[in-house]
Amino acid sequence: MTAGAASWLPLSPGERSVAIEVLVHGPLSRTEIARRLDLSAGSLTRLTKPLIESGLLVEVPEAGTPAEARQGRPSQPLDVVAESRSFLGFKITEDMVYGVVTTLRSHIVARHDRPLTTHDPALVADLLAEMTAELLRDHPRLAGIGIGVGGLVQDRSTVGESAFLHWRDVPLAALVEERTGLPVVVENDVAALVEAETWFGAGRGLDRFVVLTIGAGIGYGLVLGGNRVPYAEEDRGFGRHWILDPNGPLTPDGERGSAISLLTIPSIRYQIQAATGREHTYEEILALAAAEEPLPARVVAESARALGVLVAQISNFVMPQKILLAGEGVGLMEVAGKVVEDTIRSHRHPLAAPVALETKVSDFHDWARGAAVLAIQVLVLGSAGA
């Protein structure tokens, strides 16, 4: 099972730079690659030759140019062979494992989900190995596995702490590598999503980029200079102490009026249940708010104002080129998007540039895709280091 990963030639730092540039921004002409990396034509030729010979890069026709009009090999752009390798990404939740197979450019080509009936680390690793074996039948060129977990992850290999799995110091990468024979990288799920959006999604090519996720929890990721900025709180409940409204609701998780209390799905559901004595799904609450039912409408509007304050505060201090709002809770924007937008404007300087806020409706397969990008990075960068 390791043959796919082992067949790649070791890459020098210069070769890696070329490979990453083409992978993330390609197809690119040789002239453009040389300009981006400040290389001479001779140096670029030397660096690209082994990449083409190994099958990592390929010459492709220029878009819209008929074959008879092309001026020979130097004018042909270079691109990665996206289908040359496949990557497996897993997102582990409390009761499910979501799996995807992606190409080298992170396009999802297969999905495979299984219920998680135990949190015993060895049995979870067994389940991941079973899912890997099933996916290998149709995708035999798997080159690596990425795993996203909510919680503290150390050295991209060990789950230091995961509240919903009740794990501490679980060497998950080693457990899965032992069972599959494939290289494995493990990361906090939000960090994995940020990496995926930076390389292949909404943040591609941006210098300052923010990912904000709302759902079961609050996630935040900052990209500066094209690289994700790691920080301690990303794995320990971001937003628990970020107070958006000192007079806001008190919920079982998070401080009064915090981002956690105001924006997470469990907290919104808790507020409705505490007031009515009845349980409602998040989708039902949003539907009731859209129908102008007083209590749900008030709770959703309060949540929308909190989101607007949070986005405005991030924009005021970070000055990102774009903020991506993602996660299972972004349905809030469909019901109360105008409240969010009005609140953002009221908390920004009148002459401030408009906030470029992009909303992405995400499911758990998007989180699994983020994990697969970790494995892609390991192949291209040559290590599991961040």
Side-chain angles (χ1 to χ4, degrees), residues 2 4-26 36-37 51 54-57 79-91 99-109 132 141-149 153-159 172-173 176-177 180 182-206 209 211 219 221-230 234-235 324 365-386:
T2 60
S7 65
W8 294 78
L9 293 176
L11 303 181
S12 69
E15 291 164 354
R16 290 193 193 284
S17 296
V18 172
I20 293 169
E21 203 67 29
V22 176
L23 174 64
V24 177
H25 302 289
R36 285 171 173 264
L37 299 177
L51 298 176
S54 68
L56 179 56
L57 298 186
D79 202 1
V80 297
V81 184
E83 292 73 28
S84 63
R85 291 294 183 274
S86 298
F87 298 84
L88 184 53
F90 290 119
K91 159 67 174 171
V100 299
V101 177
T102 79
T103 67
L104 186 54
R105 274 235 169 83
S106 84
H107 296 141
I108 296 176
V109 296
T132 300
R141 295 173 68 81
L142 285 177
I145 299 172
I147 304 173
V149 178
V153 178
Q154 299 166 326
D155 302 321
R156 288 197 159 184
S157 61
T158 300
V159 180
L172 185 59
V176 178
E177 284 180 359
T180 64
L182 286 167
V184 178
V185 58
V186 183
E187 184 56 277
N188 170 264
D189 52 3
V190 175
L193 182 65
V194 174
E195 295 283 4
E197 293 296 335
T198 301
W199 272 42
F200 300 111
R204 189 174 71 160
L206 298 182
F209 172 59
V211 175
L222 171 64
V223 173
L224 294 177
N227 296 309
R228 181 177 64 86
V229 179
E234 69 182 340
D235 303 318
L324 175 68
H365 294 112
D366 290 306
W367 296 88
R369 170 181 170 266
V373 171
L374 300 174
I376 294 171
Q377 290 179 331
V378 168
L379 175 72
V380 178
L381 296 175
S383 75

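Between F87 and A143, the shortest heavy-atom contact is CE2-CB, 3.8 Å. Residues V81 and L104 come closest through the heavy atom pair O-CD2, 3.9 Å. Annotation for A202 and L206: closest pair O-CD1, 3.7 Å, computed over non-hydrogen atoms. When all heavy atoms of V153 and V149 are compared, the pair lying nearest together is CG2-O, 4.4 Å. Residue A371 comes nearest to G148 through the heavy atom pair CB-N, 3.6 Å, listed as atom of the first residue, atom of the second, then distance. Closest heavy-atom contact between L193 and D366: CD1-O, 4.1 Å.
Exactly one residue among V159, L374, V176 makes a side-chain contact (heavy atoms from CB on, under 4.5 Å) with V186. That residue is V159.
Atom NE2 of residue H365 and atom CD1 of residue I108 lie 7.5 Å apart, to the nearest 0.5 angstrom. Going from atom CZ of R85 over to atom CG of L56 covers 9.0 Å, rounded to the nearest 0.5 Å. In this structure, I376 CD1 and F200 CZ are separated by 4.5 Å, a value rounded to the nearest 0.5 Å. Note that the CZ atom of F90 and the CG atom of D189 stand 15.5 Å from one another [nearest 0.5 Å]. Note that CH2 of W199 is 5.5 Å distant from CG of L23, once rounded to the nearest 0.5 Å. The CG atom of L142 sits 6.5 Å away from the CG atom of L182 when rounded to the nearest 0.5 Å.
Between E83 and R105 no salt bridge is recorded (no basic side-chain N to carboxylate O distance below 4.0 Å). Using a 4.0 Å cut-off between charged nitrogen and carboxylate oxygen, E195 and R204 do not count as a salt-bridge pair.
Qualifying side-chain hydrogen bond (donor to acceptor under 3.5 Å, both in side chains) partners for S106, counting only residues two or more places apart in sequence or in other chains: R369.
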Step by step, would you call L37 with E21 a side-chain contact (heavy atoms from CB on, under 4.5 Å)? CA-CA 8 Å; L37 299 177; E21 203 67 29; 3.8 Å; yes
Evaluate L57 against D79 for side-chain contact (heavy atoms from CB on, under 4.5 Å), listing each step before the verdict. CA-CA 5 Å; L57 298 186; D79 202 1; over 6 Å; no
Given V211 and T198, is the side-chain contact (heavy atoms from CB on, under 4.5 Å) satisfied, shown in steps? CA-CA 9 Å; V211 175; T198 301; 6.0 Å; no
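Distance alone, capped at 3.5 Å, is enough to place a donor-acceptor pair between the E15 side chain and the S12 backbone. In this structure, N188 contributes its side chain and V190 its backbone to a donor-acceptor pair below 3.5 Å. No donor-acceptor pair closer than 3.5 Å links the side chain of E177 to the backbone N or O of P183.
For the pair L88/V100, no side-chain contact is recorded, criterion being any heavy-atom separation below 4.5 Å from C-beta on. Looking only at side-chain heavy atoms (C-beta outward), V22 and I20 stay at 4.5 Å or farther from each other. Counting heavy atoms from C-beta outward, V109 and T102 have side chains that stay 4.5 Å or more apart. Residues T132 and I145 are in side-chain contact: their nearest non-hydrogen atoms beyond the backbone lie under 4.5 Å apart.
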